Amino acid sequence: FLLFLFFFSRSSAKLVAPLGCLVSRQKHTLPDLPYDYAALEPHINAEIMQLHHSKHHATYVNNLNVAEEKYKEALAKGDVTTQVSLQPALKFNGGGHINHSIFWTNLSPNGGGEPKGELMEAIKRDFGSFANFKEKLTAVSVGVQGSGWGWLGYNKEQGRLQIAACANQDPLQGTTGLIPLLGIDVWEHAYYLQYKNVRPDYLKAIWNVINWENVSSRYATCKK
């Protein structure tokens, strides 16, 4: 998983703030949002965005740095037992950092509508139509039991788009091999203050702020 963090930081440098890695002992930092907390209203309100970014994502970053420091110490001591015991914390907090770093850029106050160009053609090819794709990703996201994410990913081996769900903060690429293009956070902290327990209403609203330029850029990059 540590190697995954390293390669994610290298391959996604143009898309999200570079992630530190154990090799360079660089601390992970909370990336700035490319818009104000209130910019996504009325679809996602400012209170949710502020708490989600400055509290939840910040906690993943802080806990990841702590876990990596402990792992570094265990590695130096040859303490394999401690290294193994730290894997869940590295996966959870590392995944939380990776997932949210993608999520913020997947959203935009100027988002919504439909993608264009190569991405739209790929969606039509692999899902039949944009409407079918939207319905399937929404259904998968609604169906996540408890907390997790709905994803549009790219299967590089098969050269096609795929929809997947990940539990908790499991990172898409590190757990499925799919390259993440679009992630929808369905943890309750992403919507409860505004939509209560009605996840489908949140998912209906979020399509109004999807940043298709960002998703298209990710698609173009992973095809190279």
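In what follows, every heavy atom counts, from backbone to side chain, and hydrogens, waters and symmetry copies are set aside. The model shown is predicted, which means the values in this text are computed figures rather than measured ones.
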Quiz item: Does Asn93 offer a backbone N or O that forms a donor-acceptor pair with the side chain of Asn63 under 3.5 Å?
Solution: no

Quiz item: Between Tyr35 and Leu30, is there a shared hydrophobic cluster once you connect ILVMFWY residues whose side-chain heavy atoms come closer than 4.5 Å?
Solution: no

Exercise. Please work out whether the ring planes of His189 and Tyr60 are parallel, tilted or perpendicular, with thresholds of 30° and 60°.
Key: tilted

Quiz prompt | Partner set under salt bridge (Lys or Arg N to Asp or Glu O under 4.0 Å) for Asp170, not counting sequence neighbours | solution = Lys91

Self-check item: Inter-residue atom distance Leu40.CG - Met49.CE, 0.5 Å rounding
Solution: 4.5 Å

Practice problem: Kindly give the heavy-atom pair with the smallest separation between Val186 and Tyr191, and that separation in Å. | Solution: O-CE2, 3.6 Å

Quiz item: Is the centre of the Phe103 ring less than 6.0 Å from the centre of the Trp187 ring?
Solution: no

Quiz prompt | Under 3.5 Å: donor-acceptor pair, side chain of Asn106, backbone of Leu181 | solution = yes

Exercise. Answer yes or no: is there a donor N or O on one side and an acceptor on the other, between the side chain of His53 and the main chain of Pro31, under 3.5 Å?
Key: yes

Quiz prompt | Atom of Leu172, atom of Ala164 and distance for their closest heavy-atom approach | solution = CD1-CB, 4.0 Å

Exercise. Applying salt bridge (charged side-chain N to carboxylate O under 4.0 Å, His left out), run through Glu73 and Lys70 and close with a yes or a no.
Key: CA-CA 5 Å; Glu73 294 171 1; Lys70 290 180 179 178; over 6 Å; no

Exercise. Look at the side chain of Asn45 and the backbone N and O of Ile48, then say whether any donor-acceptor pair between them is shorter than 3.5 Å.
Key: yes

Self-check item: Distance in Å, Asn211 CG paired with Ser217 OG, rounded so as to fall on 0.5 Å steps
Solution: 9.5 Å

Quiz item: Within a strict 4.5 Å, meaning less than it, do heavy atoms of the Trp207 and His43 side chains meet?
Solution: no

Self-check item: Donor-acceptor contact present, side-chain Glu41 to main-chain Ala46, <3.5 Å
Solution: yes

Quiz item: Going hydrophobic residue to hydrophobic residue with side-chain gaps under 4.5 angstrom, can you get from Trp212 over to Ile163?
Solution: yes

Quiz item: Between Ser108 and Asn214, is a side chain to side chain contact (heavy atoms under 4.5 Å, CB included) present by the stated rule, with each step listed?
Solution: CA-CA 9 Å; Ser108 169; Asn214 178 263; over 6 Å; no

Exercise. For the pair Asn65 (side chain) and Asn62 (backbone), establish whether a donor and an acceptor sit closer than 3.5 Å, ignoring hydrogens and angles.
Key: no

Practice problem: Answer with yes or no whether the hydrophobic clustering places Trp104 together with Leu193; edges join I, L, V, M, F, W, Y residues whose side-chain heavy atoms lie under 4.5 Å apart. | Solution: yes

Quiz item: CD of Glu68 to CD of Gln26: how many Å apart, nearest 0.5 Å?
Solution: 10.0 Å

Exercise. Specify the closest pair of heavy atoms between Ala67 and Ala89, including all atoms of both residues, with the distance to one decimal.
Key: CB-CB, 4.2 Å

Side-chain polar contacts of residues 115-125 - donor-acceptor pairs under 3.5 angstrom, sequence neighbours left out - could you list them?
unit_1	atom_1	unit_2	atom_2	d
Glu118	OE2	Lys223	NZ	3.1
Arg125	NH2	Gly159	O	3.4

Quiz item: Which distance, rounded to the nearest 0.5 Å, do you find between the NZ of Lys224 and the NZ of Lys156?
Solution: 10.5 Å

Exercise. Report yes or no: do Ile98 and Ile179 belong to one cluster of Ile/Leu/Val/Met/Phe/Trp/Tyr joined by side chain heavy-atom distances under 4.5 Å?
Key: yes

Quiz prompt | Pairwise distance CD1(Ile184) to CZ(Arg199) - rounded to 0.5 angstrom | solution = 11.0 Å

Exercise. Would you please classify the geometry between the Phe133 ring and the Phe127 ring as parallel, tilted or perpendicular, with 30° and 60° separating the classes?
Key: tilted

Practice problem: Can you label the angle between the His56 ring and the His52 ring as parallel, tilted or perpendicular, going by 30° and 60°? | Solution: perpendicular

Self-check item: Steps toward side chain to side chain contact (heavy atoms under 4.5 Å, CB included) verdict (Lys77, Thr82)
Solution: CA-CA 10 Å; Lys77 295 176 182 177; Thr82 298; over 6 Å; no

Quiz item: Would one find more than 12 heavy atoms of other residues, nucleotides or ligands at under 6.0 Å from atom CD of Glu157?
Solution: no

Sequence neighbours left out, cut at 3.5 Å: what donor-acceptor pairs do the side chains of residues 140-151 make with other protein atoms?
unit_1	atom_1	unit_2	atom_2	d
Ser141	OG	Leu137	O	2.8
Trp149	NE1	Gln169	OE1	2.9

Practice problem: Output yes when a side-chain donor or acceptor of Thr176 lies under 3.5 Å from a complementary backbone atom of Gln173, and no otherwise. | Solution: no

Quiz prompt | Asp185 side, atom CG; Ile206 side, atom CD1 - distance, nearest 0.5 Å | solution = 8.0 Å

Quiz item: Counting N and O atoms only, with roles assigned by atom type, does the side chain of Asn155 sit under 3.5 Å from a partner on the main chain of Arg160, one being a donor and the other an acceptor?
Solution: no

Quiz item: Do any N or O atoms from the side chain of Ser216 and from the backbone of Glu213 form a donor-acceptor pair under 3.5 angstrom?
Solution: no

